[in-house]
Number of protein chains: 2
Amino acid sequence: MDAEKLLKKQQLKVTSQRKAIIRVLQNTDTVLSAHDIFSEVIKTLPGINFSTVYRNLDVLLSKGIVCRITPESGGVLYELRREDGHHHHVICKNCGASIPLEYCPMEDIQAKLMEKGFTPTEHRFEIYGYCEKCNKGGELNEPF
Amino acid sequence: MDAEKLLKKQQLKVTSQRKAIIRVLQNTDTVLSAHDIFSEVIKTLPGINFSTVYRNLDVLLSKGIVCRITPESGGVLYELRREDGHHHHVICKNCGASIPLEYCPMEDIQAKLMEKGFTPTEHRFEIYGYCEKCNKGGELNEPF
DNA sequence: CCTCCAATTGCAAAAGGTTTGCATTTGCAT
DNA sequence: ATGCAAATGCAAACCTTTTGCAATTGGAGG
């Protein structure tokens with residue numbers, strides 16, 4: 001779906017800034033920091049402000065258009081939410097590639113948690129490592 | 001194990017600051033922010049500096065004495081590592097209680113990842129929700 | 001017990017990332 | 001075409017974490 005439709009679907013105003021941000025996310029299969037996104041967006045939209053990027057990432061996140069990922073190593077990363085419904089990610093520490101994962105571990109232990117009286121509301125499951133490409137190639141580009 | 005033994009075991013110098021930090025972590029079953037830890041430590045060790053807390057949390061983390069947790073909501077939290085070996089956490093969003101979990105989802109999908117050519121190096125699995133106590137009680141104290 | 005050195009600490013300043021207030025601009029419903 | 005709420009740019013504030021440096025301290029070795 002193109003950026004404009006995505007925004008209208010969520011009843012968000014269609015601004016050039018929002019479209020640019022979404023396009024950046026659409027044109028990559030890697031996870032990006034707010035800074036990464038800003039650096040890309042400013043190429044097509046000189047003059048866009050950092051706070052606009054931050055504000056819009058928050059909006060897009062709250063509308064479910066993007067996902068937010070916080071690696072152990074620190075920082076916050078974003079990616080377009082491409083799949084409907086619940087899913088997890090496998091992320092390459094070398095190139096940042098993000099691979100969606102169907103599998104969800106919650107099913108396996110939901111019952112056990114309830115037994116203990118714990119009511120789960122959210123969970124996170126992320127896998128980090130090296131993708132097929134980076135496993136082989138050898139040289140490390142922009143690790144994080 | 002007491003703080004001093006814990007430090008000596010890892011061949012770290014035993015300082016009053018380190019002991020105080022560890023004791024704070026030993027006296028709770030909840031996850032704490034660096035700020036939380038500082039606020040507690042300063043009660044028993046007036047004059048301790050924030051940077052000392054940060055530096056030591058890093059040291060303790062690298063020695064495996066503490067765990068670091070980064071909730072979706074942001075921020076960085078620490079807890080004493082009480083279990084040997086690999087484990088995950090169930091965390092109460094209300095009181096911060098941290099419950100260790102034996103179950104690890106990696107076993108279930110390790111093979112599938114390798115098939116795809118992905119080499120996992122780290123992963124995280126955390127569950128957030130409300131513990132038995134907070135489920136019932138009702139009032140919310142220090143949510144995060 | 002004393003001495004000495006590397007490790008640790010306190011302090012202050014800087015760095016880094018993110019948020020906020022406000023005036024201006026812009027999308028879009030009417 | 002018009003008006004208004006929403007979005008943006010800008011600058012400053014904020015908060016958390018890191019860093020350089022001088023002073024202090026733990027503990028190994030004498």
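None of the values given here were measured: they were computed from a predicted structure. Proteins get letters first, then strands, A, B, ... in listed order; numbering begins at 1 in each.
Residues satisfying the side-chain hydrogen bond (donor to acceptor under 3.5 Å, both in side chains) criterion with A:E102, sequence neighbours excluded, are absent altogether. The side chain to side chain contact (heavy atoms under 4.5 Å, CB included) search around A:T121 returns B:K93, B:Y130, not counting sequence neighbours. With sequence neighbours left out, A:T30 forms a side-chain hydrogen bond (donor to acceptor under 3.5 Å, both in side chains) with A:T28.
Residue B:Y78 is the one, among B:Y78 and B:S16, whose nearest nucleotide of DNA chain D lies closer to the 5' end (criterion: closest heavy atom). Nearest-nucleotide positions on DNA chain D for B:T15 and B:F50 put B:F50 closer to the 5' end.
Within a 6.0 Å radius of CG in A:D84, no more than 12 heavy atoms belonging to other residues, nucleotides or ligands are found. Atom CD of B:Q11 is surrounded by 12 or fewer heavy atoms from other residues, nucleotides or ligands within 6.0 Å.
Secondary-structure annotation of DNA chain D gives the stems C:1-30 with D:1-30, with a stem taken as at least 3 successive Watson-Crick or G-U pairs whose two distances both fall under 3.5 Å.
Taking side-chain N and O atoms only, B:Q17 has no distance below 4.0 Å to OP1 or OP2 of D:dT25.
Atom CZ of B:R55 and atom P of D:dG20 are 11 Å apart (whole Å). Rounded to whole Å, the distance from CG on B:N49 to C1' on D:dT18 is 12 Å. For the pair A:L12 CG and D:dT8 C1', the interatomic distance rounds to 15 Å; values are reported in whole Å. Whole-Å rounding puts the B:K19 NZ to D:dT25 C1' distance at 13 Å. Rounded to an integer number of Å, the gap from CZ of B:R68 to C1' of D:dT16 is 12 Å. Atoms OH (A:Y54) and P (D:dC10) sit 17 Å apart, rounded to a whole Å. Taking atom CD of residue B:E4 and atom P of nucleotide D:dG26, one finds them 11 Å apart after rounding to whole Å. Computed from coordinates, the A:L45 CG to D:dA7 P distance equals 16 Å when rounded to whole Å.
In 5' to 3' order, the nucleotides of DNA chain C bounding all contacts with chain A (an atom under 4.0 Å from a heavy atom) are C:dG17 to C:dC28.
Residue A:V59 is classed as having no contact, given no heavy-atom separation below 4.0 Å to the nucleic acid. Within the 4.0 angstrom heavy-atom criterion, no nucleotide atom of any strand lies near A:G75. At a threshold of 4.0 angstrom between heavy atoms, the contacts of B:S33 with the nucleic acid are absent.
Checked by atom type, the side-chain pair B:D36/B:S33 shows a donor-acceptor distance below 3.5 Å. Under 3.5 Å, the side chains of A:T52 and A:Q17 contain no donor-acceptor pair of N or O atoms.
A side-chain donor-acceptor contact under 3.5 Å links B:R18 to the backbone of B:K13.
Checking D:dA6, D:dT25, D:dG9 against every side-chain atom of A:K13, the shortest atom distance belongs to D:dA6.
Hydrophobic clustering, defined by side-chain heavy atoms of Ile, Leu, Val, Met, Phe, Trp and Tyr closer than 4.5 Å, groups B:I109 together with A:V90, A:I99, A:L101, A:Y103, A:M106, A:I109, A:L113, A:F118, A:F125, A:I127, B:V90, B:I99, B:L101, B:Y103, B:M106, B:L113, B:F118, B:F125, B:I127.
A:L57 and A:L77 end up in different hydrophobic clusters when Ile, Leu, Val, Met, Phe, Trp and Tyr side chains are linked at under 4.5 Å.
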